[in-house]
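I have placed the structure first, in the form of structure tokens, so that the comments after it can refer back to it.
The sequence lines fix the lettering, A, B, ..., with proteins before strands; numbering per chain opens at 1. Everything quoted here is computed from the prediction, not taken from an experiment.
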Number of protein chains: 2
Amino acid sequence: MSAYRDSHGKRLIDYWRPSVAVDTAVLTVRDGRLCVAVVEKDGARRLPGTFLHEGELLADAVRRSLDLKAGIRGLAPRQLHVFDAIDRDDRGRVLSIAHMVAVPDAVLADARLEPVSSVKDLKYDHDDILKLAVDRLRAEYREAPDPAGLLPDTFTLLDLRRLHEAVDPDGIPRRDTFRRLMEPKLAATGELERGTVGKPARLFRRR
Amino acid sequence: MSAYRDSHGKRLIDYWRPSVAVDTAVLTVRDGRLCVAVVEKDGARRLPGTFLHEGELLADAVRRSLDLKAGIRGLAPRQLHVFDAIDRDDRGRVLSIAHMVAVPDAVLADARLEPVSSVKDLKYDHDDILKLAVDRLRAEYREAPDPAGLLPDTFTLLDLRRLHEAVDPDGIPRRDTFRRLMEPKLAATGELERGTVGKPARLFRRR
DNA sequence: TCATATTTGCGCACTTTCGCGATAACTACA
DNA sequence: TGTAGTTATCGCGAAAGTGCGCAAATATGA
């Protein structure tokens, strides 16, 4: 604890402070659809979150929250926006620092997933958090091949395209344009897919 | 104060909470250059900021801070990022919710302005905050004519172009392309500039 | 061996975007 | 009236982007 005192002899903790929560939109693709992890508590559906603890970075709080609630590790959550409505939480003044992270489907084996296109009526402002997260993810998928690493280590162009179609159905270009945009940003493995009828597809890795 | 108690009989305020500050990059264009307002305190240069007070929204805290320190009113500050390093502040644990706002030059008549291209060594992480703000402003100026409203109520295309050149010298297209991009998004006043030699330029307003 | 299915590459037509030279229009000034 | 200076428009060539039909290549399966 700092020894600092201001000109009134007060420490920082002598002044009013809000509670700070982190809430996270955890996104994945399952069955060809973009989905979000939702938890239920006290009868209300919401995005997973927690209060920030002493000595913790925001990203660490996000990780702790998701580890405890869904056994998810190795995340790189990103900040979206701070939600600060005075009365957004009945328990008291709480700022929510919304985050997002996208993970491969298998990571969320035990989580309750809902397709983002049909999610509504989440508690607090979590519908708004989800919208920001989806918009952000889609913008990223328009610029780069699988930036969130949802595919396995190696994949074909068709695998990639199907993933992008799931993430951003309305923003994906047609066949050749998609390939011209994405292929230069991939690392060719030099190997071919096996076990398929027809000319085998080339395998790639993300760079 | 909420009557809420958790399963341990504790209120939210019984738990650890960080201090929350708002710091703002206030940007403007002066003498053809993008500048930022800098304040000096305890011998260190920094962006203006304040701690969040009870019952206050983040944007209100930003407005209070800038009103008190520079008599600036009528702002619409936007969030940038939350800086959360554990020891970013000697006085104790402080989260900084960085904001940005761009205002016409005249609003900052009494402020100390520095060209963003030469600002460095601000206290805390304020160099990082400034970089985010400049990047955000430039991205916006690539998409729309004077989105921050730095020009007077009416202006010519040349006025607009000179402003955009000041904000984003490296991102502005050539003559006709700039006009094709921006003119459709402006409202023609139907009036012409007066007092100039040569064909008078048309006057526009932002939409 | 042949059929089927798939991937890949490519040529090409079309569309869109970009930048600029040239010119007309129009004002203030001499 | 003529000149200088500025704005605005336009035609046009070049560049970039898009999408697709088609054929070659290549694997698996019968």
(request) Return the nearest nucleotide to the side chain of B:Leu157; candidates are D:dA8, D:dG19, C:dG19. (result) D:dA8
(request) Using the closest heavy atom to pick a nucleotide of DNA chain C for each, name whichever of B:Leu192 or A:Glu193 lands nearer the 5' end. (result) A:Glu193
(message) I'd like to know if the side chain of A:Asp89 pairs up with that of B:Tyr4 as donor and acceptor (distance under 3.5 Å, no hydrogens or angles considered).
(response) no
(request) Round to the nearest Å and state the distance from B:Leu181 atom CG to C:dG19 atom P. (result) 11 Å
(request) Find the distance B:Leu160:CG to D:dA8:P and express it as a whole number of Å. (result) 12 Å
(message) Pick the closest DNA chain D nucleotide for A:Gly195 and for A:Arg174 by heavy atoms, then say which residue is nearer the 5' end.
(response) A:Arg174
(request) Select base, sugar-phosphate, or nothing to describe what B:Arg180 touches, counting heavy atoms under 4.0 Å on all strands. (result) base
(request) Take atom CZ of A:Arg161 and atom P of C:dT8, then tell me their distance rounded to the nearest Å. (result) 13 Å
(message) Does a side-chain N or O of B:Thr177 approach OP1 or OP2 of C:dT17 to a distance below 4.0 Å, or not?
(response) no
(message) Between A:Asp67 and A:Arg64 (side chain of the first, backbone of the second, donor and acceptor by atom type, cut-off under 3.5 Å), is there such a pair?
(response) no
(message) Using a strict threshold of under 4.0 Å (side-chain N to carboxylate O), is an ion pair present between A:Asp127 and A:Lys131?
(response) no
(request) To the nearest Å, give me how far apart NZ (A:Lys199) and C1' (D:dA25) are. (result) 5 Å
(request) Could you state the atom-to-atom distance from CD of B:Glu183 to C1' of D:dT9 in whole Å? (result) 10 Å
(message) In whole Å, I'd like the distance from the CG atom of A:Asp159 to the C1' atom of C:dT6.
(response) 13 Å
(message) Please report the distance, rounded to the nearest Å, between CZ in A:Arg194 and C1' in C:dT6.
(response) 17 Å
(message) Quick check: any donor-acceptor pair below 3.5 Å linking the side-chain of A:Arg175 to the base of D:dG21?
(response) yes
(message) Looking only at the side chain of A:Ala201 (C-beta and beyond, no hydrogens), which of the listed nucleotides D:dA4, C:dT8, C:dG19 gets closest?
(response) C:dT8
(request) Look at the side chain of B:Arg179 against the base of C:dG19 and say whether a donor-acceptor pair falls under 3.5 Å; ignore hydrogens and angles. (result) no
(request) Respond yes when some side-chain nitrogen or oxygen of A:Arg202 is under 4.0 Å from OP1 or OP2 of D:dA27, and no when none is. (result) no
(request) Evaluate whether atom CZ of B:Arg162 has more than 12 neighbouring non-hydrogen atoms of other residues, nucleotides or ligands under 6.0 angstrom away. (result) no
(message) Between B:Asp31 and B:Arg33 (salt bridge meaning N to carboxylate O under 4.0 Å), is one present in this structure?
(response) no
(request) Compare the minimum distances between each of C:dT27, D:dT26, D:dT7 and the side chain of B:Val197, then state the nucleotide with the smallest one. (result) C:dT27
(request) Could you tell me whether the side chain of B:Asp176 has a donor or acceptor atom within less than 3.5 Å of a complementary atom in the base of C:dC18? (result) no
(message) Without decimals, in angstroms, what is the distance between A:Phe178 CZ and C:dT8 C1'?
(response) 15 Å
